[in-house]
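Below is one structure, written out as C-alpha coordinates; comments come after it.
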Amino acid sequence: MDKLMKPKAFIFDLDGVITDTAHYHFLAWRDLAHGLGIEFDEVFNEKLKGVGRMESLELILEKGGKAQQFSAAEKEAMATRKNELYKALIVKMTPAEVLPNIKPLLATLRADGIKIGLASASKNAFTVLACLEMQDNFDYVADAAKIPNSKPAPDVFLDVAQAFQLQAKDCIGVEDAAAGVESIHRAGMMAVGIGDPAHLPEADVLFASTQLLDLDTIYAAYAQWLKQP
Ligand code: BG6
Ligand code: MG
(Lines give C-alpha, C1' and ligand atoms only; values in the text may rest on other atoms or scores of the structure.)
(Ligands and ions follow the chains in the order given, each with its own letter.)
Protein backbone atom coordinates (compact mmCIF):
# COMPACT_ATOMS: atom_id res chain seq x y z
CA MET A 1 0.00 0.00 0.00
CA ASP A 2 1.30 3.43 -0.97
CA LYS A 3 2.39 5.27 2.17
CA LEU A 4 0.66 8.42 0.89
CA MET A 5 -2.66 6.62 1.08
CA LYS A 6 -2.33 6.01 4.79
CA PRO A 7 -3.98 8.30 7.31
CA LYS A 8 -1.81 10.32 9.68
CA ALA A 9 -3.88 9.61 12.78
CA PHE A 10 -6.38 7.17 14.24
CA ILE A 11 -8.77 8.63 16.78
CA PHE A 12 -10.50 6.06 18.96
CA ASP A 13 -13.61 6.18 21.05
CA LEU A 14 -13.05 4.53 24.44
CA ASP A 15 -16.25 2.97 25.76
CA GLY A 16 -17.07 -0.06 23.61
CA VAL A 17 -13.98 0.27 21.40
CA ILE A 18 -10.91 0.08 23.64
CA THR A 19 -12.75 -1.72 26.44
CA ASP A 20 -16.27 -2.86 27.22
CA THR A 21 -17.18 -0.11 29.69
CA ALA A 22 -20.40 0.19 27.66
CA HIS A 23 -21.61 -2.73 29.78
CA TYR A 24 -20.72 -0.95 33.04
CA HIS A 25 -22.57 2.18 31.90
CA PHE A 26 -25.54 -0.09 31.19
CA LEU A 27 -25.44 -1.68 34.67
CA ALA A 28 -25.21 1.70 36.41
CA TRP A 29 -28.03 3.29 34.36
CA ARG A 30 -30.22 0.22 34.82
CA ASP A 31 -29.79 0.44 38.58
CA LEU A 32 -30.79 4.10 38.55
CA ALA A 33 -33.70 3.57 36.13
CA HIS A 34 -35.12 0.65 38.11
CA GLY A 35 -34.90 2.76 41.28
CA LEU A 36 -37.18 5.26 39.52
CA GLY A 37 -39.55 2.53 38.31
CA ILE A 38 -38.43 2.90 34.69
CA GLU A 39 -37.86 -0.19 32.58
CA PHE A 40 -34.38 -0.40 31.12
CA ASP A 41 -32.88 -2.99 28.81
CA GLU A 42 -29.99 -3.52 26.38
CA VAL A 43 -32.14 -2.39 23.43
CA PHE A 44 -32.82 1.00 24.99
CA ASN A 45 -29.22 1.20 26.21
CA GLU A 46 -28.09 1.22 22.57
CA LYS A 47 -29.56 4.75 22.28
CA LEU A 48 -27.30 5.94 25.11
CA LYS A 49 -24.01 4.76 23.64
CA GLY A 50 -21.73 7.70 22.98
CA VAL A 51 -24.28 10.09 24.51
CA GLY A 52 -23.21 12.33 27.42
CA ARG A 53 -24.24 11.72 31.03
CA MET A 54 -26.95 14.39 31.40
CA GLU A 55 -28.34 13.76 27.91
CA SER A 56 -28.55 10.03 28.76
CA LEU A 57 -30.46 10.80 31.96
CA GLU A 58 -32.93 12.97 30.02
CA LEU A 59 -33.55 10.13 27.55
CA ILE A 60 -34.20 7.68 30.41
CA LEU A 61 -36.59 10.05 32.20
CA GLU A 62 -38.38 10.72 28.91
CA LYS A 63 -38.76 6.99 28.33
CA GLY A 64 -40.36 6.65 31.78
CA GLY A 65 -42.64 9.66 31.18
CA LYS A 66 -40.88 11.50 34.01
CA ALA A 67 -39.03 14.21 32.11
CA GLN A 68 -40.96 17.04 33.82
CA GLN A 69 -41.02 15.60 37.33
CA PHE A 70 -37.62 16.65 38.63
CA SER A 71 -35.76 19.88 39.22
CA ALA A 72 -32.34 20.54 37.72
CA ALA A 73 -30.77 19.91 41.15
CA GLU A 74 -32.57 16.55 41.47
CA LYS A 75 -31.36 15.55 38.01
CA GLU A 76 -27.80 16.53 38.93
CA ALA A 77 -28.09 14.33 42.01
CA MET A 78 -29.33 11.39 39.90
CA ALA A 79 -26.48 11.78 37.41
CA THR A 80 -24.01 11.92 40.29
CA ARG A 81 -25.52 8.76 41.77
CA LYS A 82 -25.22 6.96 38.43
CA ASN A 83 -21.62 8.11 38.19
CA GLU A 84 -20.83 6.80 41.68
CA LEU A 85 -22.28 3.41 40.70
CA TYR A 86 -20.27 3.49 37.49
CA LYS A 87 -17.02 4.48 39.21
CA ALA A 88 -17.40 1.64 41.72
CA LEU A 89 -17.46 -0.75 38.74
CA ILE A 90 -14.61 0.73 36.73
CA VAL A 91 -12.07 1.01 39.54
CA LYS A 92 -12.03 -2.79 39.59
CA MET A 93 -11.02 -2.97 35.92
CA THR A 94 -7.68 -4.50 34.98
CA PRO A 95 -5.53 -4.55 31.80
CA ALA A 96 -7.16 -7.90 31.01
CA GLU A 97 -10.26 -5.93 29.99
CA VAL A 98 -8.69 -4.29 26.95
CA LEU A 99 -10.74 -5.62 24.03
CA PRO A 100 -9.16 -8.26 21.75
CA ASN A 101 -6.71 -7.08 19.09
CA ILE A 102 -6.55 -3.48 20.34
CA LYS A 103 -3.05 -3.62 21.84
CA PRO A 104 -1.38 -5.18 18.75
CA LEU A 105 -3.27 -2.77 16.48
CA LEU A 106 -2.03 0.24 18.46
CA ALA A 107 1.50 -1.17 18.40
CA THR A 108 1.36 -1.47 14.60
CA LEU A 109 0.06 2.09 14.22
CA ARG A 110 2.79 3.44 16.45
CA ALA A 111 5.48 1.49 14.57
CA ASP A 112 4.11 3.02 11.33
CA GLY A 113 4.43 6.55 12.77
CA ILE A 114 0.66 7.09 12.82
CA LYS A 115 -0.61 9.28 15.66
CA ILE A 116 -3.05 7.72 18.11
CA GLY A 117 -5.73 9.81 19.82
CA LEU A 118 -8.64 9.20 22.16
CA ALA A 119 -11.96 11.00 21.68
CA SER A 120 -14.27 9.89 24.47
CA ALA A 121 -17.37 11.65 25.77
CA SER A 122 -16.59 10.24 29.20
CA LYS A 123 -15.29 12.36 32.06
CA ASN A 124 -14.00 9.07 33.48
CA ALA A 125 -11.76 8.35 30.48
CA PHE A 126 -8.51 9.10 32.33
CA THR A 127 -9.51 6.76 35.19
CA VAL A 128 -10.40 3.97 32.77
CA LEU A 129 -7.11 4.37 30.88
CA ALA A 130 -5.21 4.25 34.17
CA CYS A 131 -6.99 1.04 35.24
CA LEU A 132 -6.17 -0.51 31.87
CA GLU A 133 -2.59 0.79 32.18
CA MET A 134 -2.96 2.34 28.72
CA GLN A 135 -2.06 6.01 29.28
CA ASP A 136 1.15 5.59 27.27
CA ASN A 137 -0.62 4.05 24.28
CA PHE A 138 -2.15 7.39 23.25
CA ASP A 139 -0.36 10.48 21.94
CA TYR A 140 -3.27 12.68 22.99
CA VAL A 141 -6.41 12.14 25.06
CA ALA A 142 -9.24 14.68 24.73
CA ASP A 143 -10.57 15.95 28.05
CA ALA A 144 -14.37 15.58 27.85
CA ALA A 145 -14.78 18.21 30.59
CA LYS A 146 -13.30 20.80 28.21
CA ILE A 147 -15.24 19.87 25.06
CA PRO A 148 -18.11 22.32 24.43
CA ASN A 149 -20.58 20.07 22.57
CA SER A 150 -20.80 16.30 23.05
CA LYS A 151 -21.34 13.68 20.33
CA PRO A 152 -22.99 13.71 17.80
CA ALA A 153 -21.37 17.18 17.54
CA PRO A 154 -17.92 16.93 15.93
CA ASP A 155 -16.06 18.82 18.70
CA VAL A 156 -14.20 15.98 20.41
CA PHE A 157 -12.79 14.50 17.18
CA LEU A 158 -11.82 17.98 15.96
CA ASP A 159 -10.10 18.66 19.29
CA VAL A 160 -7.83 15.65 18.75
CA ALA A 161 -7.10 16.57 15.11
CA GLN A 162 -6.21 20.08 16.23
CA ALA A 163 -3.90 18.74 18.96
CA PHE A 164 -2.11 16.76 16.24
CA GLN A 165 -2.16 19.78 13.89
CA LEU A 166 -3.77 17.61 11.24
CA GLN A 167 -6.58 18.14 8.78
CA ALA A 168 -9.72 16.10 9.36
CA LYS A 169 -9.28 14.11 6.15
CA ASP A 170 -5.94 12.80 7.45
CA CYS A 171 -7.65 11.24 10.49
CA ILE A 172 -9.74 8.10 10.83
CA GLY A 173 -12.25 7.80 13.68
CA VAL A 174 -13.21 4.50 15.29
CA GLU A 175 -16.58 4.19 17.05
CA ASP A 176 -19.13 1.70 18.38
CA ALA A 177 -22.04 4.15 18.62
CA ALA A 178 -24.27 5.80 16.02
CA ALA A 179 -23.83 9.18 17.78
CA GLY A 180 -20.07 8.67 17.50
CA VAL A 181 -20.12 7.80 13.80
CA GLU A 182 -22.16 10.96 13.19
CA SER A 183 -19.63 12.96 15.22
CA ILE A 184 -16.75 11.58 13.09
CA HIS A 185 -18.57 12.42 9.86
CA ARG A 186 -19.47 15.92 11.01
CA ALA A 187 -15.76 16.37 11.79
CA GLY A 188 -15.02 15.46 8.15
CA MET A 189 -13.27 12.15 8.88
CA MET A 190 -13.71 8.59 7.70
CA ALA A 191 -15.57 6.43 10.22
CA VAL A 192 -14.68 2.87 11.16
CA GLY A 193 -17.56 1.21 12.99
CA ILE A 194 -17.37 -1.63 15.50
CA GLY A 195 -20.57 -3.59 15.98
CA ASP A 196 -23.83 -4.52 14.37
CA PRO A 197 -24.59 -3.09 10.89
CA ALA A 198 -28.18 -2.46 12.04
CA HIS A 199 -26.87 -0.01 14.67
CA LEU A 200 -24.14 1.57 12.55
CA PRO A 201 -25.49 1.86 8.99
CA GLU A 202 -23.50 5.05 8.33
CA ALA A 203 -20.03 3.67 9.08
CA ASP A 204 -17.66 3.78 6.07
CA VAL A 205 -16.22 0.40 7.01
CA LEU A 206 -17.59 -1.91 9.68
CA PHE A 207 -16.24 -4.78 11.77
CA ALA A 208 -18.44 -6.93 13.98
CA SER A 209 -15.90 -6.80 16.81
CA THR A 210 -12.44 -5.45 17.60
CA GLN A 211 -11.11 -8.96 17.05
CA LEU A 212 -11.90 -8.52 13.36
CA LEU A 213 -10.37 -5.03 12.95
CA ASP A 214 -8.00 -5.21 10.01
CA LEU A 215 -5.71 -2.38 8.92
CA ASP A 216 -5.42 -3.45 5.28
CA THR A 217 -9.21 -3.40 4.94
CA ILE A 218 -9.31 0.03 6.60
CA TYR A 219 -6.57 1.43 4.36
CA ALA A 220 -8.32 0.10 1.24
CA ALA A 221 -11.56 1.79 2.36
CA TYR A 222 -9.62 4.98 3.16
CA ALA A 223 -8.09 5.10 -0.34
CA GLN A 224 -11.62 4.91 -1.79
CA TRP A 225 -12.97 7.42 0.72
CA LEU A 226 -10.29 9.96 -0.24
CA LYS A 227 -11.46 9.79 -3.86
CA GLN A 228 -14.99 10.84 -2.94
CA PRO A 229 -15.91 14.28 -4.28
C1 BG6 B 1 -19.55 7.69 26.45
C2 BG6 B 1 -20.43 6.51 26.74
O3 BG6 B 1 -18.29 7.25 26.06
O4 BG6 B 1 -19.40 8.50 27.61
C5 BG6 B 1 -21.77 6.96 27.30
O6 BG6 B 1 -20.65 5.77 25.55
C7 BG6 B 1 -21.55 7.87 28.51
O8 BG6 B 1 -22.53 5.83 27.66
C9 BG6 B 1 -20.63 9.02 28.13
O10 BG6 B 1 -22.78 8.38 28.99
C11 BG6 B 1 -20.31 9.93 29.31
O12 BG6 B 1 -19.55 9.20 30.25
P13 BG6 B 1 -19.30 9.64 31.74
O14 BG6 B 1 -18.30 8.63 32.24
O15 BG6 B 1 -18.71 11.03 31.71
O16 BG6 B 1 -20.60 9.60 32.46
MG1 MG C 1 -18.49 4.07 22.59
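Both ligands and their constituent atoms are indexed starting at 1 by order of listing.
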Identify, for [atom], the protein heavy atom at the shortest distance, and state residue, atom and that distance.
atom: atom 6 (O) of ligand 1; value: Gly50 N, 2.8 Å
atom: atom 16 (O) of ligand 1; value: Arg53 NE, 2.7 Å
atom: atom 1 (C) of ligand 1; value: Asp15 OD2, 3.3 Å

With ring centroids as reference points, do Tyr86 and His25 lie under 6.0 angstrom apart?
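They qualify: ring centres under 6.0 Å apart.
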Would you call Met134 and Ile102 a side-chain contact if the rule is heavy atoms closer than 4.5 Å?
yes
Heteroatoms of the protein, restricted to N/O/S, which lie under 2.8 Å from the Mg ion (ligand 2)
Asp13 OD2, Asp15 O, Asp176 OD1
Taking only heavy atoms of [X] into account, list the atoms of ligand 1 that are under 4.0 Å away from them.
X: Leu48; answer: 5 (C), 8 (O)
X: Ser56; answer: 10 (O)
X: Asn124; answer: 13 (P), 14 (O)

Does any N or O of ligand 1 fall below 3.5 Å from an N or O anywhere on Asn83, backbone included?
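Asn83 vs ligand 1: no N/O contact under 3.5 Å.
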Side chain, backbone, both or neither: which part of [X] comes within less than 4.0 Å of ligand 1 when only heavy atoms are counted?
X: Lys123; answer: both
X: Val51; answer: backbone
X: Ser120; answer: side chain

Quick one: closest heavy-atom pair of [X] and [Y], and the distance?
X: Ile116; Y: Leu106; answer: CD1-O, 3.5 Å
X: Gly50; Y: Lys151; answer: O-CB, 3.7 Å
X: Met78; Y: Leu32; answer: O-CD1, 3.4 Å
X: Ala119; Y: Ala142; answer: CA-CB, 4.5 Å
X: Asp15; Y: Ala22; answer: CB-N, 4.4 Å

Same cluster (ILVMFWY, side-chain, under 4.5 Å), Leu57 and Leu59:
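Looking at the clustering, Leu59 is in the same group as Leu57.
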Is the charged tip of Lys63 near the ring of Phe44: under 6.0 Å from the six-membered ring centre and within 45° of its axis?
yes
Lys NZ or Arg CZ of Lys66 over Phe70 ring: under 6.0 Å, within 45°:
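Lys66 over Phe70 ring: no.
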Who clusters with Leu200? Use side-chain heavy atoms, under 4.5 angstrom, across I, L, V, M, F, W and Y, and order the result by chain and number.
Val181, Leu206
